[in-house]
There are 2 protein chains.
Amino acid sequence: MSDLLERLRDRGWRLTAQRRVVAEVLDGDHVHYTADEVHARAAARLPEIARATVYNTLSELVSIGEVIEVSTDGRAKRYDPNARRTHQHLVCSGCGTIRDVHPSGDPLAGLPETERFGFTVSDATITYRGTCPQCAAG
Amino acid sequence: MSDLLERLRDRGWRLTAQRRVVAEVLDGDHVHYTADEVHARAAARLPEIARATVYNTLSELVSIGEVIEVSTDGRAKRYDPNARRTHQHLVCSGCGTIRDVHPSGDPLAGLPETERFGFTVSDATITYRGTCPQCAAG
DNA sequence: TCTTGACTTAGACAATGTCCAATGTAGGAT
DNA sequence: ATCCTACATTGGACATTGTCTAAGTCAAGA
């Protein structure tokens, strides 16, 4: 059993076949699937799995912090299982490819006190955009 | 006539009543309306304006760089007319309020060469999240 | 093995956005 | 001032993404 499934069980989750396949689809560090893509891949192993179950499971994984929701394009949200090390995203404007990146320094440091308007700022999400080598070549 | 309408005319835009009211709704620095909110406000002045026209006009304003599309919550996109000075956004996790903020330094500087994977990186969008004074007090 | 509350399902519904054919009109041409 | 016509608008169908619910199913503890 993967670490993820084990952590889920530790949290008191019932380990159903549906949750297993969703977790298996997300297992790996470099996927950024939409809910529909997760559903398609899950359905390849468990054909009767419902869309709602995939949405439910993804939401639960997000709420317990095992998966991060990423919306880089204002379209479908993507689900990033690499939640254990904080990171940001680099997106190709051409093909939409998403890479995890690790900027140096604390992103919050760039926001001066005078620009905080009394907010308690706890987090910064950065999306870098550019052109990937393949799109630059093509 | 506002500067914005003048710039649009310079670009060869036909200045229809619909485009005028959309531009007027967006005129001002601190609005971050959704397309539906823009439509509602435009319809207050020009009741027969169609949703599609608002979407069209907003898309055109975005494509010529007069307005920036912001999606901070994975739900409806918001339209930010303050496109002339680059800025980032600070969002309250409680009430969703959005403020324009101006971080110090070049956001791209935080991404080391080794984290660029051969991309030509041209832009960084930062969303700071926190709690606004009102939500902290309540 | 039984029971039970949590999970899953199918499909209706909601929110947001896009597309198209028919109609209207801004602004240049006359 | 009027006419033309290419461009803009309209209304509504459709698409995409996500949420909700009632009824059935099942994992796991007793």
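Hydrogens, waters and symmetry mates play no part in the numbers below; they use all other heavy atoms, side chains included.
Separating the CG atom of B:Leu15 from the P atom of C:dG28 is a distance of 11 Å, rounded to the nearest angstrom. Between the CD1 atom of B:Ile49 and the P atom of C:dT25 there is a distance of 14 Å, given to the nearest Å. Distance, B:Trp13 CH2 to C:dG28 P: 17 Å, rounded to whole Å. Look at CG on B:Leu46: it is 17 Å from P on D:dA8, rounded to the nearest Å. Between the CD atom of B:Glu37 and the P atom of C:dG17 there is a distance of 11 Å, given to the nearest Å. As rounded to whole Å, 10 Å separates atom P of D:dT16 from atom CG of A:Asp36. The distance from atom CG of B:Leu8 to atom P of C:dA26 is 16 Å, rounded to the nearest whole Å. In this structure, A:Leu5 places its CG atom 14 Å from P of D:dA27, rounding to the nearest Å.
Contact between the side-chain N/O atoms of B:Thr53 and the OP1/OP2 oxygens of D:dT10 is found at a separation under 4.0 Å. The side chain of A:Gln18 contributes no N or O atom lying less than 4.0 Å from OP1 or OP2 of D:dT25.
Sorted by first then second residue, the salt bridge (Lys or Arg N to Asp or Glu O under 4.0 Å) pairs that include residues 101-130 of chain B, not counting sequence neighbours, number zero.
A donor-acceptor pair under 3.5 Å is absent between the side-chain atoms of B:His89 and the main chain of B:Val70, judged by distance alone. At distances below 3.5 Å, not a single donor-acceptor pair connects side-chain atoms of A:His30 with backbone N or O atoms of A:Asn82. B:Arg19 places a side-chain N or O within 3.5 Å of a backbone atom of B:Arg14 that can act as its donor or acceptor partner.
Figure legend: B:Arg99 and A:Phe119 shown without cation-pi pairing, the cationic atom not lying both under 6.0 angstrom from the six-membered ring centre and within 45 degrees of its axis.
The residue among B:Thr16 and B:Ala76 whose nearest nucleotide of DNA chain C lies closer to the 5′ end is B:Ala76. Sequence order on DNA chain C of the closest nucleotides to B:Ala35 and A:Glu60 puts A:Glu60 first from the 5' end.
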Quick one: which protein N/O atoms are closer than 3.5 Å to N/O atoms of nucleotides 18-24 of chain C? Pair and distance per line, please.
{"unit_1": "C:dT18", "atom_1": "O4", "unit_2": "B:Arg51", "atom_2": "NH2", "d": "3.3"}

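Open room surrounds CZ on B:Arg84; 12 or fewer heavy atoms of other groups in view lie less than 6.0 Å from it.
Using a 4.5 Å cut-off on side-chain heavy atoms (C-beta onward), A:Leu26 and A:Glu66 make no contact.
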